[in-house]
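Numbers for residues simply follow the sequence, beginning at 1. Because the structure is a prediction, the values reported are computed rather than measured.
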Amino acid sequence: MAHVDKHASGDFCWIELATTDQNAAKNFYSSLFGWVVNDMPMGPDSFYTIFRLQARDCAAGYTMGAQEQGVPPHWNLYIAVENADAAAGKAASLGAKVLAPAFDVFDAGRMAILEDPTGAVFVVWQANRNAGIGIAGEPGALCWADLSTGDPGRAQKFYSDLFGWEISPGEKDPSGYLHIKNGDHFIGGIPPAHVRDPNSPPHWLIYFNVADVDASAAKAKELGAIFYVPPMTIEDVGRMAVMADPQGAVSAIFKESPKH
């Protein structure tokens with residue numbers, strides 16, 4: 001098990017489920033991934049759920065409010081930055097929309113909500129007391145994220161300029177998939193536009209590591225998930241599936257191919 005105590009700038013550092021039924025979501029994800037639920041009161045009749053895996057924070061969830069009316073349930077992706085105000089300002093200068101200027105989240109950290117120039121929403125996070133995800137490489141932990149966008153070229157330039165990511169095709173990969181590298185680590189990718197559903201708004205798709213994609217998919221179905229992409233193998237990469245939880249939030253499950 002890999003413990004994570006600090007996230008490098010540009011790393012995916014937190015994931016947060018925005019849902020219409022927090023209790024149902026807690027049941028689904030704790031049953032599927034073995035997450036332990038830790039509810040933090042947020043006011044009368046509302047709470048923020050921190051999910052834990054092997055006693056380390058791994059994700060969160062909350063009930064969507066009136067300000068998010070009309071927005072379907074979804075996962076929010078947070079990206080680590082040194083300074084949330086500076087990152088939001090730079091993002092705006094590069095063509096992003098600032099949906100929420102930087103604000104403090106108690107003493108946990110400071111965040112801003114942004115929409116990239118192609119329409120995908122993400123959050124920048126300047127950690128204070130809360131560094132974010134505390135575990136990696138275990139079943140049930142975040143392992144990857146793909147940007148689904150109709151304009152990969154525009155997104156490639158924006159995120160490279162904002163975070164210093166190296167975004168490029170694989171050496172022996174003719175598919176058009178762009179790999180995202182932050183420092184020395186590959187963290188995600190941008191699939192070619194022709195493989196995405198043109199009716200789906202641009203978004204970040206998060207991937208969860210699992211021990212067995214088929215077994216996890218079968219369990220998720222039993223728990224009420226529907227599958228947009230049933231379990232499939234990507235040669236020399238791994239096995240994956242894309243699902244919507246019972247409230248409609250979409251994510252993927254993944255198991256890496258054994259190294260030769």
Side-chain angles (χ1 to χ4, degrees), residues 1-8 10-17 25-38 49-61 74-80 122 125 131-148 165 170 177 179-191 203-223 225-245 249-260:
M1 174 177 68
H3 281 185
V4 181
D5 295 312
K6 187 178 190 302
H7 290 273
D11 271 356
F12 303 137
C13 64
W14 192 236
I15 48 172
E16 177 185 72
L17 176 67
K26 288 192 292 187
N27 180 58
F28 176 81
Y29 290 100
S30 58
S31 301
L32 182 60
F33 294 136
W35 290 352
V36 174
V37 170
N38 181 23
T49 298
I50 303 272
F51 292 108
R52 308 200 88 199
L53 186 65
Q54 298 182 23
R56 310 283 292 187
D57 291 354
C58 66
H74 59 278
W75 281 94
N76 293 313
L77 179 68
Y78 286 57
I79 301 169
F122 65 100
W125 179 254
I133 294 169
I135 186 168
E138 290 291 313
L142 174 75
C143 63
W144 196 256
D146 274 346
L147 175 63
S148 173
W165 289 347
Y177 184 89
H179 297 261
I180 298 172
K181 193 176 185 186
N182 186 48
D184 297 332
H185 302 288
F186 287 100
I187 60 171
I190 308 177
H203 63 277
W204 281 96
L205 174 69
I206 64 167
Y207 284 69
F208 292 107
N209 190 8
V210 294
D212 182 321
V213 169
D214 297 81
S216 292
K219 182 157 193 179
K221 267 188 187 167
E222 272 175 36
L223 293 165
I226 61 165
F227 278 79
Y228 291 118
V229 178
M232 61 173 278
T233 296
I234 304 168
E235 197 175 347
D236 296 327
V237 175
R239 194 157 172 80
M240 65 162 291
V242 180
M243 66 177 179
D245 70 20
V250 178
S251 63
I253 51 177
F254 178 75
K255 164 78 172 171
E256 192 176 6
S257 294
K259 298 284 187 239
H260 299 302

A.B. asks: Suppose we screen for side-chain hydrogen bond (donor to acceptor under 3.5 Å, both in side chains). Which residues come up paired with W125, at least two apart in sequence or across chains?
C.D. replies: none
A.B. asks: What closest approach, in Å, do A217 and P231 show between heavy atoms, and which atom pair accounts for it?
C.D. replies: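 Heavy atoms of A217 and P231 come nearest at CB-CG, 3.7 Å.
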A.B. asks: Please check if the side chain of W165 supplies one atom and the backbone of G10 the other of a donor-acceptor pair under 3.5 Å.
C.D. replies: yes
A.B. asks: Side-chain donor-acceptor pairs under 3.5 Å in residues 180-189, sequence neighbours left out?
C.D. replies:
| from | atom 1 | to | atom 2 | distance (Å) |
| --- | --- | --- | --- | --- |
| N182 | ND2 | S9 | O | 3.0 |
| N182 | ND2 | D11 | OD1 | 2.8 |

A.B. asks: Who pairs with A225 by side chain to side chain contact (heavy atoms under 4.5 Å, CB included), at least two apart in sequence or on another chain?
C.D. replies: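 Expected list: F28, A220, F227, M243.
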A.B. asks: How close do F208 and L142 get, counting heavy atoms only, and between which atoms?
C.D. replies: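 So the minimum-distance heavy-atom pair works out to CD2-N, 4.1 Å.
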A.B. asks: Can you tell me how far apart CG (L77) and SG (C13) are? Round to the nearest 0.5 Å.
C.D. replies: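 Reported value, rounded in 0.5 Å steps: 8.0 Å.
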A.B. asks: Would you compute the distance between atom CD of E138 and atom SG of C143 and round it to the nearest 0.5 angstrom?
C.D. replies: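 Those atoms lie 12.0 Å apart.
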A.B. asks: With Y78, which residues qualify under side-chain hydrogen bond (donor to acceptor under 3.5 Å, both in side chains), at least two apart?
C.D. replies: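 Partners of Y78 by the side-chain hydrogen bond (donor to acceptor under 3.5 Å, both in side chains) criterion, ordered by chain and then number, come out as E16.
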A.B. asks: Taking all non-hydrogen atoms of both residues into account, name the closest pair between I234 and M240 and its distance.
C.D. replies: CD1-SD, 3.5 Å
A.B. asks: Please enumerate all residues that pass salt bridge (Lys or Arg N to Asp or Glu O under 4.0 Å) together with K26, with sequence neighbours excluded.
C.D. replies: D39
A.B. asks: Sequence neighbours left out, what passes side-chain hydrogen bond (donor to acceptor under 3.5 Å, both in side chains) with S251? Give chain and number order.
C.D. replies: none
A.B. asks: Quick one: list whatever passes side chain to side chain contact (heavy atoms under 4.5 Å, CB included) with H203, sequence neighbours left out.
C.D. replies: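 Here the qualifying residues are S148, S200, L205.
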A.B. asks: Which atom names give the shortest non-hydrogen contact between C58 and I133, and what distance separates them?
C.D. replies: O-CG1, 3.7 Å
A.B. asks: Under the side-chain hydrogen bond (donor to acceptor under 3.5 Å, both in side chains) rule, collect the residues that match up with H74, sequence neighbours excluded.
C.D. replies: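 H74 satisfies side-chain hydrogen bond (donor to acceptor under 3.5 Å, both in side chains) with N76 once adjacent residues are dropped.
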A.B. asks: Could you report the tightest heavy-atom contact between A141 and A136, atom names first, then the distance?
C.D. replies: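 Here A141 and A136 meet closest at CB-CA, 4.3 Å.
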A.B. asks: So F122 and W204, do their side chains get closer than 4.5 Å, heavy atoms only?
C.D. replies: yes
A.B. asks: Which heavy atom of G132 sits nearest a heavy atom of H7, and at what distance?
C.D. replies: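 Closest heavy-atom pair between G132 and H7: C-NE2, 4.2 Å.
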A.B. asks: Evaluate side chain to side chain contact (heavy atoms under 4.5 Å, CB included) for I135 paired with V4, printing each intermediate quantity in order.
C.D. replies: CA-CA 5 Å; I135 186 168; V4 181; 5.9 Å; no
A.B. asks: With sequence neighbours excluded, what pairs up with K219 under the side chain to side chain contact (heavy atoms under 4.5 Å, CB included) test?
C.D. replies: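 Partners of K219 by the side chain to side chain contact (heavy atoms under 4.5 Å, CB included) criterion, ordered by chain and then number, come out as L32, L223.
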A.B. asks: Is it true that F12 and W75 have ring centroids separated by less than 6.0 Å?
C.D. replies: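 Aromatic pair excluded; centres sit 6.0 Å or further apart.
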A.B. asks: Test: side-chain hydrogen bond (donor to acceptor under 3.5 Å, both in side chains). Region: residues 205-214. Which pairs qualify, not counting sequence neighbours?
C.D. replies: D146-Y207, D214-R239
A.B. asks: Can you list everything that forms a ring pair (Phe, Tyr, Trp, His ring centres under 6.0 Å) with F51? Sequence neighbours excluded, please.
C.D. replies: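 Applying ring pair (Phe, Tyr, Trp, His ring centres under 6.0 Å) to F51 gives W35.
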A.B. asks: Rounded to the nearest 0.5 Å, how far does NZ of K221 lie from CD1 of I226?
C.D. replies: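 Between atom CD1 of I226 and atom NZ of K221 there are 10.5 Å.
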